[in-house]
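Basis for what follows: all heavy atoms, side chains included, without hydrogens, waters or symmetry-related copies. Lettering of chains follows the sequences in order, A, B, ..., and the numbering in each one begins at 1.
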Protein chains: 2
Amino acid sequence: MQSEPDILSAKFAALADPTRRAILARLSQGEASVNELAEPFDMSLPAVSKHLKVLEKAGLISRGREAQWRPARLEPMALKGVADWLEHYRRYWDQSFDRLEAYLRNVQQGKDDGSRN
Amino acid sequence: MQSEPDILSAKFAALADPTRRAILARLSQGEASVNELAEPFDMSLPAVSKHLKVLEKAGLISRGREAQWRPARLEPMALKGVADWLEHYRRYWDQSFDRLEAYLRNVQQGKDDGSRN
DNA sequence: GCGTTATTTAACTGTTCGGTTATGCAGTCG
DNA sequence: CGACTGCATAACCGAACAGTTAAATAACGC
C-alpha cells in the first residue's frame, strides 16, 4: 500500500512542520505512545494523531500495537532517502566553502579586492 | 531580510514540490532566466515566478538583475542547513557510521582493535 | 457487561497553496 | 517616442492543510 506517487515530496512536506520534526526528535530516543508524544505540545490529541498519520504516510515512522496503545517508532531509512537526494548537491556547498576559504585567505593576506559583500 | 521565523520549515516546504526541486536541479547547472526555467514545465510563467519566490524566501536561490532578465542562481549553503539537520539522524540509518564512530573513539584512546571493515 | 483509557474518525473552520488570467512595470530596441 | 520583451503583481479559485470539538472504536480491568 505504499504505491504513493512522489514519496520524496511527501517526506519533505512531512518534515516541513516543526511539530512533526519535534515528534521525530522525540522518537529518535525510542518508541512512544500518542499521549506521550502529545504531552509537550499545546495541541489537541487528534491534531497529534493527524501529524502521526502524515509522518506514517511519508514512511518516516511506523506504528505498533500494544494493548490499547499504538506506539510510534522512527523509520530511519526513509530519512536516508532524503539525505540521498541532498547528497547530489553536497559538492555545491562544499565548493562554496572552498571559495569562501580562498576569499578568507586573501583577506588575511591583505589582498581583498572588495568584490564580495 | 532573513529574519524569517523557522527558516528550516520554509526550506523543507520549498523542497516538497517536484517543480521546485526540478528548478533547483536546473540551477545546479548554472544561472537561468525565468523563461528558461519555465520552459520544461506545462505551467504559466507567473506560476514559475511564484515557485521562484518560494525558493528565494527559503534562501535556496537568489536573484540577480541583468537588463530585463532576473537570473536565478542556486544558494547552496541553504541546502547545507537541511543536510545538517538530517545529519543528526544519520546514525539511525547508517550502520557504518556507528562503526566509524566506535573506531574513532578507539583511535583517540589509542585502543584501536582493528575491527573496522 | 460497564467504566476507563488510548486513540482514531467525522465534521467543520480558517488559512495556505498552487494554479489560472489579466494587468502593470522595467528595460531594450528601433 | 512607441513597441516589444521579460517578469512581477493582483485578483481569483479549488484543493489541501492544520487545527478544533464531538463522537466512535478498541482494548483493558473490574
Side-chain angles (χ1 to χ4, degrees), chain A residues 1 4-27 30-74, chain B residues 1 4-27 30-74:
Chain A
M1 205 74 83
E4 195 83 23
D6 200 0
I7 187 69
L8 186 53
S9 292
K11 288 174 184 173
F12 276 123
L15 294 175
D17 185 292
T19 301
R20 288 194 289 261
R21 290 199 305 276
I23 288 175
L24 290 182
R26 166 66 185 77
L27 290 178
E31 290 193 358
S33 72
V34 178
N35 268 302
E36 287 168 342
L37 290 172
E39 194 268 332
F41 303 110
D42 186 19
M43 189 184 300
S44 70
L45 259 136
V48 174
S49 195
K50 281 188 179 184
H51 281 306
L52 291 176
K53 183 158 282 187
V54 172
L55 289 167
E56 191 181 9
K57 279 195 176 173
L60 293 167
I61 67 169
S62 62
R63 314 284 314 260
R65 196 175 270 247
E66 273 176 48
Q68 68 267 53
W69 294 275
R70 291 174 154 88
R73 83 184 66 85
L74 204 60
Chain B
M1 204 77 83
E4 195 84 21
D6 200 0
I7 187 69
L8 186 55
S9 292
K11 288 173 184 174
F12 276 124
L15 295 174
D17 185 290
T19 301
R20 287 193 291 259
R21 290 198 304 276
I23 289 175
L24 291 182
R26 168 64 184 79
L27 290 179
E31 290 193 356
S33 71
V34 178
N35 269 301
E36 286 169 343
L37 290 172
E39 193 268 332
F41 303 110
D42 187 19
M43 188 183 302
S44 70
L45 258 135
V48 174
S49 195
K50 280 189 178 184
H51 281 307
L52 291 176
K53 182 158 284 186
V54 172
L55 289 167
E56 191 181 9
K57 278 194 177 175
L60 293 167
I61 66 168
S62 61
R63 315 284 313 260
R65 196 174 269 251
E66 274 175 48
Q68 66 266 56
W69 295 275
R70 286 147 195 257
R73 83 186 64 87
L74 204 59

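Whole-Å rounding puts the A:Leu15 CG to D:dA18 P distance at 12 Å. Between the CZ atom of B:Phe12 and the P atom of D:dC17 there is a distance of 17 Å, rounded to whole Å. Taking atom CG on B:Leu45 and atom P on C:dT23, their separation rounds to 17 Å, with Å as the unit. To the nearest angstrom, P of C:dT20 lies 7 Å from CE of B:Met43. For the pair B:Leu55 CG and D:dA8 P, the computed distance is 12 Å after rounding to whole Å. At whole-Å resolution of the value, CG in A:Asp17 and P in D:dA16 are 18 Å apart. Taking atom CG of residue B:Asp42 and atom P of nucleotide C:dG18, one finds them 17 Å apart after rounding to whole Å. Put simply, CZ on A:Arg21 is 12 Å from P on D:dA18, counting in whole angstrom units.
Looking at A:Thr19 and A:Met43, their side chains come closer than 4.5 Å, going by heavy atoms from C-beta outward. Side-chain contact check for B:Glu36 versus B:Pro71: every heavy-atom pair is 4.5 Å or farther apart.
Residue contacts for B:Lys53: at a heavy-atom cut-off of 4.0 Å it reaches the sugar-phosphate backbone alone, with no base atom in range.
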Restricting both atoms to N or O, compile the protein contacts to nucleotides 27-29 of chain D shorter than 3.5 Å, with distance only.
{"residue": "D:dA27", "atom": "OP1", "partner": "A:Arg65", "partner atom": "NH1", "Å": "3.1"}

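Rounded to 10°, the helix from C:dG1-D:dC30 to C:dG30-D:dC1 has 20° between the axis fitted to its first five pairs and the one fitted to its last five.
Contact annotation: B:Asn35 reaches the phosphate of D:dC7 (side-chain N/O to OP1 or OP2, under 4.0 Å). Close to C:dA6, at under 4.0 Å from its OP1 or OP2, lies no side-chain N or O of A:Ser33. Contact annotation: A:Arg63 side-chain N/O to C:dT8 OP1/OP2 distance is under 4.0 Å. In this structure, B:Ser49 reaches the D:dA8 phosphate: one of its side-chain N or O atoms is under 4.0 Å from OP1 or OP2. In this structure, B:Ser44 reaches the C:dT20 phosphate: one of its side-chain N or O atoms is under 4.0 Å from OP1 or OP2.
Where A:Arg70 and A:His51 meet DNA chain D, the nucleotide closest to each residue was compared, and A:His51 sits on the side nearer the 5' end.
Using a 4.0 Å cut-off between charged nitrogen and carboxylate oxygen, B:Asp6 and B:Lys11 do not count as a salt-bridge pair.
Of the possible donor and acceptor atoms, none in the side chain of A:Arg26 sits under 3.5 Å from a partner among the backbone N and O of A:Leu37. The backbone N or O of A:Arg70 sits less than 3.5 Å from a side-chain atom of A:Arg63, completing a donor-acceptor pair.
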